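Comments concern the structure below.
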2 protein chains.
Amino acid sequence: MWHYRPPLRDMRFVVEDLLNVSEDWAVIPRFAELTGDLTPQILEEAGKFAVQTLAPLNAPGDLQGCAFNAGAVTAPVGFADAYRRYCEAGWPALACDPECGGQGLPQVLNAALYEMLYATNHAWTMYPGLAHGAYECLRAHAPEHLKAVYLPKIVSGEWLSTMCLTEPQAGSDVGLIRTRAEPQADGSYAISGSKNFISGGEHDMTDNIVHLVLARLPDAPVGTRGISLFLVPKTLTEGPNPGSNGVSCSGIEKKMGIKGSATCVMTFAAAKGWMLGDANRGLAAMFVMMNSARLYVGLQGLGHAENAYQNAARYASERVQMRVAARPPSSATLPASGADPIILQPAIRKILMTLRAFVEGERALGYWAAHLLDVAEFHPAAERRAWAHDLVSLLTPIIKSFFTENGFTLSSTALQVWGGYGYLHDFGIEQALRDSRIAMIYEGTNEIQAIDLLVRKVVADRGEKFAVLLDWVRDEARACQGLEQCERFGTVLLKLLDDVTRVTTELVEESAGNPEIAQRVSGDFMRLSGLLLLGGQWARAARVATPHAADEFYRGKIDTAAYFFDYLLPEAGHRLALLGLRDAPLPWINPAAG
Amino acid sequence: MWHYRPPLRDMRFVVEDLLNVSEDWAVIPRFAELTGDLTPQILEEAGKFAVQTLAPLNAPGDLQGCAFNAGAVTAPVGFADAYRRYCEAGWPALACDPECGGQGLPQVLNAALYEMLYATNHAWTMYPGLAHGAYECLRAHAPEHLKAVYLPKIVSGEWLSTMCLTEPQAGSDVGLIRTRAEPQADGSYAISGSKNFISGGEHDMTDNIVHLVLARLPDAPVGTRGISLFLVPKTLTEGPNPGSNGVSCSGIEKKMGIKGSATCVMTFAAAKGWMLGDANRGLAAMFVMMNSARLYVGLQGLGHAENAYQNAARYASERVQMRVAARPPSSATLPASGADPIILQPAIRKILMTLRAFVEGERALGYWAAHLLDVAEFHPAAERRAWAHDLVSLLTPIIKSFFTENGFTLSSTALQVWGGYGYLHDFGIEQALRDSRIAMIYEGTNEIQAIDLLVRKVVADRGEKFAVLLDWVRDEARACQGLEQCERFGTVLLKLLDDVTRVTTELVEESAGNPEIAQRVSGDFMRLSGLLLLGGQWARAARVATPHAADEFYRGKIDTAAYFFDYLLPEAGHRLALLGLRDAPLPWINPAAG
């Protein structure tokens, strides 16, 4: 009864109508040869893989979970076989460089692929989920001898990767890590320490696992400026002593969700590793991986919300309870008497429209960010590359936190459509709720993302780059002027832009004297930014759809844009009100009292 | 590490300082003899039972769940034994009539007891959770021969009870039920049909189970006016053929949470039953039970949020990560260098203050409603009884939906404090999140509660009773005037009352021509009402605390009131804005499109 239909029509709308990617692709040598047929072909194949191979493993994988036995971890039945098929189809190589064996295709297609993988089986997708980030990190920071050995294996999918940051005492504060790296005579390092929350730290999907590990050199400064990055394979395949490498898994966690994904406690006992990037500059090297990872975590929220929307809409059209007070104009096919499908209930229509407006708006925003990654890397014009790079750095924390918070809250909103059935495992939505919850936490909690946005990326440069992002929204708002169906969207956005500009300026100025202020309001600033950007995307969608309004699909876009502006964008006004609270007292808490 | 400390100090503040119950008790003959020591004694004993007996069974019960084997259901290890101790201590009889073997104590103490039971073990408390409602229902509607047999068993706890409404095709729409009741020669009925989502439908906690079953007589009208209520025991103990009674459990559900509570599919095969109340008036008879049940479901949300608050505050004071930008004035005991406890982070302080302000405000509101139940039943003045009755009928849907929504969202908010650990079963909060989610669904979904409030209880009487509830808030607001610490709370509330009065009047008037309008905005009206009432409670709390502000506990009340008015009450403005959207289009949804 839980069933996923790849949202191919909307994906094409975003890629072709909204982003108009072919314009950028035409001037990027790497993509100049791509034909118009390619996008729908790839999306269709990716959708088939997700529906046919991953979806059937999702609920069983949740019930079975992973098994840990004497250091070995077994993923749920079918996971390894699905991964084999994933590699055979060449999906790991989709957006990798042809020089490394990749297909050299655009990031936006990889984003669409991953949205579908996460939607159908979040737990399974955790295993390949970090591979692209590891690929980026090695390509940017690995010496040639490591690239030669490891990149082809990662690109082909033969070996999977992990990101080993967290230690029990060092979560959000990565500066507290203690894992040590002792230089060896052969230029390698002996890595020793414990890491936890390592997704895919051990499993039975691939023969080897490539760990990217943060550790400290013997003479490293304290804090984040004394952390280096190392590549540590589970199994050594080169050098004088091939074989196992002092990397072991000492247990897996019992979690709320993504139970088919092995969350491992890892021990490194003088494991052989090699440095990536420069000494004590490991965090910067790893951020290459984390920025990409954060964007993809945002897509998890999108995937869950899309799946919740589809299933809730279908269930609501089938479930018959109570008579409604008003019916649609053409209700010939409805029962003449008795109860109606609950999809006609106003409360249910609001739930479904809220889901749809967030999902489609986020798809537009998320795919834009993925496309900007390619523009930032490959566009021939340096100015355009820099522009895209700046926008991506701002969009990353917004997409990570805004999409994942929405992914969870919208799954919960959708669950209400099923009533009591929503609470049962058999109906799928309760697993989506549990699985989606992790995305608000990992890769930097949403609170950390909000501080990253406001403190490090807006206040730190006095709002300069943020103003460029606002310019993009302003351009969209102005483009709506004079168009009958969209004019009011532009008017609302221009007013909101004024308010956002004003409050940003105030925050920048007040932060000079009081560094706590930005931290206090960072969560509200994050929501405000996400809503404003979705407003820009919906204005654009309505404008692009207007000439085709005779077609039901495009008319639906205009209606959903109106719903977003009427019912959802008002939250921006609420966030602005909360952002005005900077002088209100915020008590210190004594947990022993009361 | 998950640990519950009964919030006895705050409970006493609510019962003694805020509600000043002794004033009402003094004029109610049944309570006139109660001494001032009684409240703290009972609360302390109840807290001990919850902490010592129930809390240790909570996480193991979640992991083990219930077992179903050939019609028999086994609750998790320890559940039956805890129930035996619960009965031995006399807790089931707390608020029951002495004539039926009860202790005749006030409802507000029963509410405090249940808040602690739900906080420590929601799943376990599902078993006795409906007993008081069944007691009320039998007392009001059972013929004497049934009262004589069943009431003492329910009051002593020897037999447990269920509420059998739902059928697969009849959830929110109870009018669709098909279970049949055939009159028998001896005045009893033969009940046949299937029911699902029956909490405690079968278990190993008591020898007998008293099912209250909705069914249709052979000649009953269709819909809700053709439903009658029947008492159907699992085991017949009287009459010519004692023994099992054609009631069987055909399975239990696999759920997201409250896994230690057996959610049963029940089959009645010509089971012997007796009618309660009048023929075809079963819904009215059962509403006696459901109104009380809905109030107690609200307390589930309160219990979860209280436990989440306590544990998050303690964890935040122990977890050390990162340096903060600002520290409390007297921070002598803090580490001079290195990382700080995260309880000093502004984002964490906002999370914890939000939890505290909702929890303590809800306790004041929820206990007030419980106290009003007693005033409505026992107060010597008819006018005062009617006033309390009207208020309870309005407060019930608000407390059910507002508290349970907050219970879930606040549990999720609290979970962020733990970071990745919050997602692990070992830390307790993820179970709270899963367990708390059901309360938004059962006993009428929160969407149904919102419609009950606005359509049936506000619009239907043109807002007359609602105006009486607003008068209570207005009295609180006016009482703040002239008091330095509270004046602004009163001013804000008076302005908000004007807005709420205006929008309510508009809704009443517009609903005459368009019955859909109230359904569209009912969810926003519900949030608005809940926030306004909490505002009234916080104004009262601040006013009552002001003379004692030298004491840390009372000063904390004033600070938390300020936090509520500064940070949380602004949501009311947002809801008012959304309530102004009555003319905005709300599309019809075609799940096959797009």
Side-chain angles (χ1 to χ4, degrees), chain A residues 9-10 171-173 176 197 253-256 313-314 317 321-322 325-326 328 339 343 346-347 349-350 352-353 416 419-420 422-425 430 437-438 440-442 445 447 515-516 519-520 523 552-553 556 559 562-563 566-567 570 573-574 577-578 581 584-589 591 593-594, chain B residues 9-10 171-173 176 197 253-256 313-314 317 321-322 325-326 328 339 343 346-347 349-350 352-353 416 419-420 422-425 430 437-438 440-442 445 447 515-516 519-520 523 552-553 556 559 562-563 566-567 570 573-574 577-578 581 584-589 591 593-594:
Chain A
R9 181 69 192 86
D10 195 54
S172 295
D173 191 353
L176 298 175
F197 294 124
E253 306 289 1
K254 185 184 292 294
K255 307 190 298 296
M256 181 186 201
R314 195 177 54 252
S317 68
Q321 294 279 284
M322 296 187 287
I343 201 166
R349 283 151 63 199
K350 282 175 79 171
L352 294 174
M353 285 305 297
Q416 290 296 106
Y423 204 63
L424 305 188
H425 188 268
E430 73 88 19
R437 186 62 181 79
I438 186 59
M440 294 170 65
I441 303 170
Y442 60 17
T445 67
E447 288 75 15
E516 207 199 70
Q519 297 211 357
R520 281 195 185 194
E552 186 184 1
F553 174 85
D559 290 347
Y563 186 88
D566 287 337
Y567 291 85
H574 178 47
L578 294 174
L581 283 179
L586 176 59
W588 303 98
I589 289 149
Chain B
R9 181 68 193 85
D10 196 54
S172 295
D173 191 353
L176 297 176
F197 294 124
E253 307 288 1
K254 185 184 291 296
K255 307 189 300 296
M256 183 186 199
R314 195 176 54 251
S317 68
Q321 295 278 285
M322 296 186 287
I343 202 168
R349 284 152 61 201
K350 283 176 80 171
L352 294 174
M353 284 305 298
Q416 289 296 106
Y423 203 63
L424 306 188
H425 189 268
E430 73 87 22
R437 186 63 181 80
I438 186 59
M440 294 170 65
I441 303 169
Y442 60 18
T445 66
E447 288 75 16
E516 206 199 72
Q519 298 213 356
R520 280 195 186 194
E552 186 185 0
F553 174 84
D559 290 346
Y563 186 87
D566 287 338
Y567 291 85
H574 178 46
L578 294 174
L581 281 180
L586 176 58
W588 303 98
I589 289 149

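These numbers were taken from a predicted model, which means no experiment stands behind them. Here is how names work: the chains are called A, B, and so on, in the same order as the sequence lines, proteins then strands, and each is numbered from 1.
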In terms of heavy-atom proximity below 4.5 Å to chain B, should A:Tyr423 be classed as side chain, backbone, both, or neither?
both

Applying a strict 4.5 Å limit to non-hydrogen atoms, the region of A:Ala584 in contact with chain B is both

Please identify, among A:Met256, A:Glu430, A:Met322, the residue contributing the most non-hydrogen atom pairs under 4.5 Å to chain B.
A:Met256

Can you tell me which of A:Gly422, A:Ala577, A:Gly556, A:Ala326 forms the most heavy-atom pairs within a distance under 4.5 Å of chain B?
A:Ala326

Can you name the residues that form a side-chain contact (heavy atoms from CB on, under 4.5 Å) with A:Ala339, not counting sequence neighbours?
A:Val320, B:Asp173, B:Leu176

Given that the side chain runs from C-beta out, which part of B:Ala562 has a heavy atom under 4.5 Å from chain A: side chain, backbone, both or neither?
neither

What closest approach, in Å, do [X] and [Y] show between heavy atoms, and which atom pair accounts for it?
X	Y	value
A:Leu581	B:Asp566	CD1-O, 3.1 Å
B:Arg520	A:Pro346	CG-CB, 3.8 Å
B:Leu578	A:Tyr567	CD2-O, 3.6 Å

Output the option from [options] having the highest count of non-hydrogen pairs under 4.5 Å with chain A.
options	value
B:Thr445, B:Ile438, B:Ile441, B:Ile343	B:Ile438
B:Pro515, B:Pro587, B:Gly573	B:Pro587
B:Lys254, B:Arg314, B:His425, B:Arg349	B:Arg349
B:Ala325, B:Gly523, B:Ala347	B:Ala325
B:Met440, B:Lys255, B:Glu516	B:Glu516

Spell out, as yes or no, whether a donor-acceptor pair under 3.5 Å connects the side chain of B:Gln321 to the backbone of A:Ser172.
yes

Could you give the distance from NZ (B:Lys350) to CD (A:Gln519), rounded to the nearest 0.5 Å?
11.5 Å

Tell me, please, which residues at least two apart from A:Phe197 pass ring-ring contact (aromatic ring centres under 6.0 Å, His included).
B:Tyr421

How about A:Asp559 and B:Pro585: do any of their side-chain heavy atoms sit closer than 4.5 Å?
no

